[in-house]
Amino acid sequence: MANLRTLDQAPASLSDERPQGMEVAPSKWKDFLALIKIGIVNSNFITTFTGLWLAIYFTQTDGFIANLDIVLLTMIGSSLVVAGSCSLNNYIDRDIDHLMSRTKNRPTVTGRMNPKGALYLGLFLTAVGTIILAFTTITAAVIGLIGAFTYVVLYTMWSKRRNTLNTVIGSVSGAVPPLIGWAAVDPGLSLIAWILFFIMFVWQIPHFLAIAIRRCEEYRNAGIPMLPVVHGFDITRRQMLVWVACLLPLPFWLFDLGAGLIVLATLLNLGWLALSIAGFRMKDGMKWATLMFVYSLNYLTILFVSMIIVTIF
């Protein structure tokens with residue numbers, strides 16, 4: 001998730017000394033990128049492309065270049081659906097975002113963007129993205145809509161403010177991009193496509209629980225029942241350990257990608273498991289949560305990029 005901060009705490013007297021015409025407020029383009037949560041769009045771009053690439057590889061269609069039209073439609077369509085969903089999330093959460101330091105400068109909170117504009121933009125981007133995906137396969141479009149519905153309705157509007165299962169429910173939407181990419185080429189969705197989905201689903205839970213520990217007091221102030229807020233850090237550590245352990249068997253279902261990929265994924269999983277266990281001994285819980293967060297980002301990038309590399313060489 002993108003941590004968006006702006007330096008708008010400068011003394012008022014300094015504003016009078018700025019040369020005339022100097023831009024003070026963030027640009028409209030930066031506000032737009034903040035509204036659609038460009039960090040989330042970019043991360044989903046990687047996982048969608050991996051699903052698409054592997055589908056082309058395993059179905060032995062006509063190669064990447066021959067399917068360039070499908071590639072472009074899929075990547076543009078999926079990115080628009082994600083961007084639209086994030087815009088709708090910002091519209092819905094504008095009443096609590098001001099209570100958290102990492103979200104208080106979003107344009108829907110500061111007033112730099114009209115809330116109705118965020119709503120209409122979100123609906124427009126989601127609709128256009130879904131239509132574009134439909135030009136690949138209907139299955140890809142339906143999966144995109146399921147992801148958007150899960151994120152906007154089941155997560156943002158329903159579970160986020162009601163129970164600790166919000167992290168699990170939200171992880172469903174974050175796990176569908178590889179399915180979208182695969183379905184754009186092969187609507188049949190092979191076992192490998194579903195393994196990619198489950199890897200993404202399981203990965204997100206310890207990733208976001210690490211964020212929840214780091215931002216525990218902010219979530220508490222906003223009234224969001226994240227697991228560490230409701231049940232404390234010890235239970236959160238145990239659940240993170242369990243979810244990381246659930247990743248251990250998944251790479252073995254990717255045997256068609258070769259032993260090298262399985263070994264790499266297993267080493268990544270064991271490293272994350274060791275770090276999870278270390279959390280019970282570390283006195284500085286915030287430092288440990290930060291390490292878990294950073295490891296999770298590197299884990300995802302290395303694993304999904306490696307899946308592409310092993311099919312090339």
| message | Hydrogens and angles aside, do N89 and Y155 bring a side-chain donor and acceptor to less than 3.5 Å of each other? | response | no
- For the pair R112 (side chain) and S27 (backbone), establish whether a donor and an acceptor sit closer than 3.5 Å, ignoring hydrogens and angles. no
I'd like a table of donor-acceptor pairs (distance under 3.5 Å, sequence neighbours excluded) in which one partner is a side-chain atom from residues 126-145, with atom names and distances.
residue	atom	partner	partner atom	Å
T126	OG1	G122	O	2.8
T130	OG1	T126	O	2.8
T136	OG1	L133	O	2.4
T137	OG1	A140	N	3.1
T137	OG1	A183	O	2.8

I308 meets the side-chain contact (heavy atoms from CB on, under 4.5 Å) criterion, sequence neighbours left out, with F49, T50, W53, I312
Rounding to 0.5 Å, atoms OG (S171) and NE2 (H207) come to a distance of 9.5 Å
Name the atoms and distances for all side-chain donor-acceptor pairs under 3.5 Å in residues 185-196, with sequence neighbours left out.
residue	atom	partner	partner atom	Å
D186	OD1	G188	N	3.0
D186	OD2	W182	NE1	3.1
S190	OG	I192	N	3.4

Taking it one step at a time, do C216 and M226 satisfy side chain to side chain contact (heavy atoms under 4.5 Å, CB included)? CA-CA 8 Å; C216 182; M226 301 298 290; over 6 Å; no
For the backbone of I76 and the side chain of S79, can you confirm whether one donor and one acceptor N or O come within less than 3.5 Å of each other? no
Compile the donor-acceptor pairs under 3.5 Å between side chains in residues 237-266 and protein atoms, sequence neighbours left out, one pair per line.
residue	atom	partner	partner atom	Å
R237	NE	G279	O	3.2
R237	NH1	D234	OD1	2.8
T266	OG1	I262	O	2.7

_Using modelled atom types and a 3.5 Å cut-off, is there a donor and acceptor pairing between side-chain atoms of T48 and backbone atoms of G181?_
no
NZ of K104 to CD1 of I96, rounded to nearest 0.5 Å, is 15.5 Å
Is F124 atom CZ crowded by more than 12 heavy atoms from other residues, nucleotides or ligands, each under 6.0 Å away? no
When you measure from the side chain of R102 to the backbone of E218, do you find a donor-acceptor pair of N or O atoms at a distance under 3.5 Å? no
Residue set satisfying side-chain contact (heavy atoms from CB on, under 4.5 Å) with A118, at least two apart, ordered chain then number -> L35, S87, Y91, T108, M113
Q. Judged by atom type as modelled, is there a donor-acceptor pair below 3.5 Å linking the side chain of T301 to the main-chain atoms of N298?
A. no
Taken in chain and number order and not counting sequence neighbours, the residues that satisfy salt bridge (Lys or Arg N to Asp or Glu O under 4.0 Å) with R161 are D93, D95
